[in-house]
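What follows is one structure encoded as structure tokens, with my remarks underneath.
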Amino acid sequence: MINVIGLGYIGFPTALMLASHGISVIGTDYNKELVNTLQTGHTTFKEKGLDELFNAALKNGIRFSTEYQTTDTYIVSVPTPYDKFSKKVDPAYVIGAVKDVLKICPVGATIVIESTISPGTINKHIRPVIEETGFKIGRDIHLVHAPERIIPGNMVYELLHNNRTIGADEKEIGERVKEIYASFCQGEIIVTDIFTAEMTKVVENTFRAVNIAFANELAKICRHDNIDVYEIIRICNMHPRVNILQPGPGVGGHCISVDPWFLVGDYPSLAKVIDESMKTNDAMPAFVLHRIHDIMRENKMRDLSRVGLYGLTYKENVDDMRESPTLQLLEDQESHLGVPLKVYDPLIEKDVVANQYHNLEKFLNDIDFVVIMVGHDEIKNNNDKLNGKIVLDTRNIIEGLNVYKL
Ligand code: SAJ
């Protein structure tokens with residue numbers, strides 16, 4: 001039996017995947033409300049294919065509890081926030097989960113850490129915790145790091161198809177854990193050491209952050225001379241060895257906007273390109289705010305209350321707002337001007353900010369200038385509703401008269 005600890009964006013779908021492929025699973029989370037919701041057969045976030053997967057896992061007997069279970073294998077997928085000042089990972093939840101596992105696990109148990117951690121976290125923070133309890137690593141407790149790679153919006157497909165990395169101290173343990181993941185994962189599974197596995201995870205997200213920063217910088221350069229960045233990127237990408245990403249209003253989510261900072265925090269005198277890239281991405285919401293003011297001036301528009309932001313989530317077609325560029329923009333805007341802009345997102349049902357709308361028509365009725373911050377399908381499929389409005393399309397999804405770009 002596998003005890004999956006932490007039933008959030010990663011732990012929950014992973015637990016379901018294992019259970020639906022015939023492995024006995026109990027999911028544990030200290031959040032009672034969350035566990036109650038799952039016990040009544042409801043999910044806590046939306047994802048393509050998640051409900052079907054949940055049903056398959058329930059049929060196979062998956063259970064949920066607030067209690068840690070006594071078993072031979074644990075998968076820890078608790079959050080790893082980062083400290084905004086030191087830029088370092090905050091491993092407190094992982095340490096807490098490992099300590100709790102150690103209280104009840106039998107000798108010989110394997111602890112797999114799935115949470116994203118900065119390179120060296122297991123050496124620095126996890127090994128000492130295990131050794132303090134008198135357990136010997138490699139004899140009494142086996143340690144593994146199996147970082148995930150799934151993308152919000154396509155989690156179920158990617159869990160099944162992505163290649164994976166397993167880092168272990170001992171080859172046989174690595175191979176045993178590989179077998180567990182191979183129960184559902186059709187991709188290639190590489191077994192390596194723990195430090196390498198930690199590093200690969202952070203490097204993958206850093207690669208993407210740096211490349212998005214490059215696209216964002218190009219957008220600023222092209223704006224300076226009023227040339228079309230998207231046309232430049234399209235033409236450059238016809239070169240066989242060039243593949244430039246898309247500029248946008250900023251980088252959100254809990255991965256690409258966070259993980260690269262771990263490298264900056266841990267290697268401050270070495271991670272220079274990464275540091276500048278992260279600053280470039282973080283400055284994009286402020287750049288959008290400047291664009292809003294320039295466009296207002298150009299259109300002789302003065303009333304900020306007639307400006308609305310479309311989209312609150314960090315990217316299209318997900319209901320996740322973590323580190324969202326819209327929230328960052330609102331924060332910048334309110335601290336300078338005090339007038340909150342109007343906001344609407346079809347995927348956010350709760351009221352999370354001031355002046356939030358829950359109906360596209362009403363939202364559009366109350367504004368003259370729409371800033372598209374997120375390219376949800378809803379607006380792609382209804383772009384005729386924007387006729388007559390001034391539009392700033394930061395995602396390059398809409399063509400037409402009066403449509404401004406980044
Ligand atoms: N973005 C751009 N321009 C682009 C691509 C993305 O501005 O060309 C923005 C998005 O709008 C979003 C942010 O970047 O705000 C990040 O979105 P994303 O879709 O690129 O990635 P995430 O954060 O949803 O998921 C990433 C993935 N990592 C990589 O692609 C290397 C995923 O595979 C990881 O599992 C996930 O991080 C994670 O958990 O680490």
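One-based numbering, in listed order, for ligands and for the atoms of each.
The single protein non-hydrogen atom nearest to atom 19 (O) of ligand 1 is K315 NZ, 2.9 Å, given as residue, atom name and distance. Protein heavy atom at the shortest distance from atom 28 (N) of ligand 1 is N205 OD1, 2.8 Å. Regarding atom 20 (O) of ligand 1, its nearest protein heavy-atom neighbour is R208 NE, 2.6 Å. Of all protein heavy atoms, the one closest to atom 38 (C) of ligand 1 is C255 SG, 2.7 Å.
The pair K385-E361 meets the salt-bridge criterion, since a charged nitrogen lies less than 4.0 angstrom from a carboxylate oxygen. Salt-bridge formation is detected for the pair E175/K171: a Lys NZ or Arg NE/NH1/NH2 atom is positioned less than 4.0 Å from an Asp or Glu carboxylate oxygen. A salt bridge links K201 with E148; the closest basic N to acidic carboxylate O contact falls under 4.0 Å. Residues D294 and R297 are paired through a salt bridge, judged by an N-O separation under 4.0 Å between the basic side chain and the carboxylate. Ion pair K279/D282 not flagged as a salt bridge, since none of the NZ, NE, NH1 or NH2 atoms sits closer than 4.0 Å to an Asp/Glu carboxylate oxygen.
Note: no N/O pair closer than 3.5 Å links E204 and ligand 1 by distance alone. In terms of polar-atom proximity, R149 is counted as a contact of ligand 1, with an N or O under 3.5 Å from an N or O of the ligand. Considering backbone and side-chain atoms alike, G252 places an N or O below 3.5 Å from some N or O of ligand 1.
The shortest separation from a heavy atom of R395 to ligand 1 is under 4.0 Å, placing the residue in contact. The shortest heavy-atom distance from G253 to ligand 1 is not under 4.0 Å. By the 4.0 Å heavy-atom criterion, T116 is excluded from the residues contacting ligand 1.
When Y314, F214, F207 are ranked by how near their heavy atoms come to atom 12 (C) of ligand 1, first place goes to Y314. Heavy-atom proximity to atom 6 (C) of ligand 1, evaluated over V202, I212, I256, is greatest for I212.
In the vicinity of V251, heavy-atom distances shorter than 4.0 Å reach the ligand 1 atoms 13 (C), 14 (O), 15 (O). Close approach of ligand 1 to P152 (heavy-atom distance below 4.0 Å) involves ligand atoms 24 (O), 25 (O).
Heavy atoms from other residues, nucleotides or ligands lying under 6.0 Å from CZ of F135 number more than 12.
The proximity of K201 to ligand 1, defined as any non-hydrogen pair under 4.0 Å, is limited to the side chain. Counting heavy atoms under 4.0 Å from ligand 1, residue I150 touches it through the backbone alone. Counting heavy atoms closer than 4.0 Å to ligand 1, residue Q246 contributes atoms from both its backbone and its side chain.
Close placement of the F54 and F12 rings is indicated, their centers lying within 6.0 Å of each other.
Taking the six-membered ring where the residue is Trp, Y310 and F363 present tilted rings, their angle falling between 30° and 60°.
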Determine, stepwise, if the pair I398 / L386 fulfils side chain to side chain contact (heavy atoms under 4.5 Å, CB included). CA-CA 10 Å; I398 286 166; L386 299 173; 3.3 Å; yes
Output, in order, the C-alpha distance, side-chain angles, deciding distance and verdict of side chain to side chain contact (heavy atoms under 4.5 Å, CB included) for V353 and N355. CA-CA 7 Å; V353 291; N355 282 347; over 6 Å; no
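Residues Y230 and C222 have side chains not in contact (no heavy-atom distance under 4.5 Å, counting atoms from C-beta outward).
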